[in-house]
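So that the names make sense, note that chain A is the first sequence line, chain B the second, and so on, each numbered from 1.
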Amino acid sequence: MNAFRLAGDMTHLLSVVVLLLKIHTIKSCAGISLKTQELYALVFAARYLDLFIHFISLYNTVMKLVFLASSFSIVWYMRRHKIVRRTYDKDHDTFRHHFLVLPCLALALLINERFTFREVMWAFSIYLEAVAILPQLVLLQRTRNIDNLTGQYVFFLGAYRVLYILNWIYRYFTEPHFVHWISWVAGIVQTLLYADFFYYYIMSWKNNVKLELPA
Amino acid sequence: ECLTAPKDEL
């Protein structure tokens, strides 16, 4: 494992920790999109189908379990926890996320590395992850007061994508057979979606003002 | 034959 990959995984983990901190400690999910969280839970469930079939490393298994458990518990908190769910900004979280799922599934059936159940589900999870942040970005745009933890959560999530691209570039040159066109193209699309957010996040940090996205 | 790498990423 190279440094970019490890740093990418760690920022991904950090984003989850920041979100859980907000939900668990502050008992608030204000500014967090339930739609995005549900999509992530679906992404991990579809991608980690091989969890108990293919053993890669202890690190890999543990991280997969962490992402599965955290994504489903976040959805549970936002839907069921009696205090947390009251802070959910339902009126602004109106992105029709179900309409993302079907096109991703169709694309996975058409473009995959092999036409088997697991490979189609893997491609589906990659496509869905690329667009899963959209409801969250739309909600941020509609939120007048973006709190620090929410901004940091999205920032770490975006940083993870950037680091994964660097990891692929590194692996492409160091591992002769490392080719994954599907995850590369989807990963670049996913990262580009954060470009706008990054711009405003860095500007707010530089100018020391509160983060606000233009509508 | 195996052109794609194993899926060892998260």
Side-chain angles (χ1 to χ4, degrees), chain A residues 1-2 4-6 8-13 16 40 43-44 47-51 53-57 59-68 70-71 112-114 118-119 121-123 125-126 129 160-161 163-165 167-168 171-172 174-184 186-187, chain B:
Chain A
M1 180 155 45
N2 61 69
F4 300 117
R5 162 77 196 282
L6 184 65
D9 285 350
M10 288 307 118
T11 44
H12 193 186
L13 195 62
V16 175
Y40 279 137
V43 162
F44 293 132
R47 190 176 306 165
Y48 300 158
L49 285 172
D50 64 345
L51 184 59
I53 304 165
H54 281 282
F55 180 79
I56 296 162
S57 65
Y59 170 83
N60 206 280
T61 304
V62 170
M63 290 292 271
K64 282 176 176 173
L65 287 172
V66 168
F67 287 131
L68 272 173
S70 59
S71 63
N112 47 62
E113 290 189 351
R114 266 173 98 176
R118 276 220 334 263
E119 285 294 334
M121 291 315 276
W122 179 81
S125 82
I126 297 289
E129 188 188 352
Y160 139 66
R161 297 315 310 179
L163 288 161
Y164 253 61
I165 290 179
N167 151 59
W168 293 329
R171 290 188 83 169
Y172 182 78
T174 53
E175 294 172 38
H177 296 296
F178 191 76
V179 179
H180 276 307
W181 289 114
I182 289 175
S183 44
W184 294 354
Chain B
E1 201 251 306
C2 185
L3 275 176
T4 54
K7 295 178 174 66
D8 58 357
E9 291 180 345
L10 303 161

Problem set entry | side-chain contact (heavy atoms from CB on, under 4.5 Å) partner of E9(B), chosen from H180(A), R47(A), R171(A) | R171(A)

For this session: Go through the atoms of N60(A) and report whether side chain, backbone, both or neither lie under 4.5 Å from a heavy atom of chain B.
Result: both

Problem set entry | Residue D50(A) versus chain B: region with a heavy atom under 4.5 Å | neither

Exercise. What do you reckon, is OH of Y59(A) surrounded by more than 12 foreign heavy atoms closer than 6.0 Å?
Worked result: yes

For this session: Please report the C-alpha distance between K7(B) and E113(A) in whole Å, then the side-chain angles of each, then the deciding distance to 0.1 Å, and finally whether the side chain to side chain contact (heavy atoms under 4.5 Å, CB included) criterion is met.
Result: CA-CA 11 Å; K7(B) 295 178 174 66; E113(A) 290 189 351; 2.8 Å; yes

Exercise. Rounded to the nearest 0.5 Å, what separation is found between the OH atom of Y164(A) and the CG atom of L10(B)?
Worked result: 4.5 Å

For this session: Name the member of W181(A), F67(A), Y48(A) that forms the most heavy-atom pairs with chain B at distances under 4.5 Å.
Result: Y48(A)

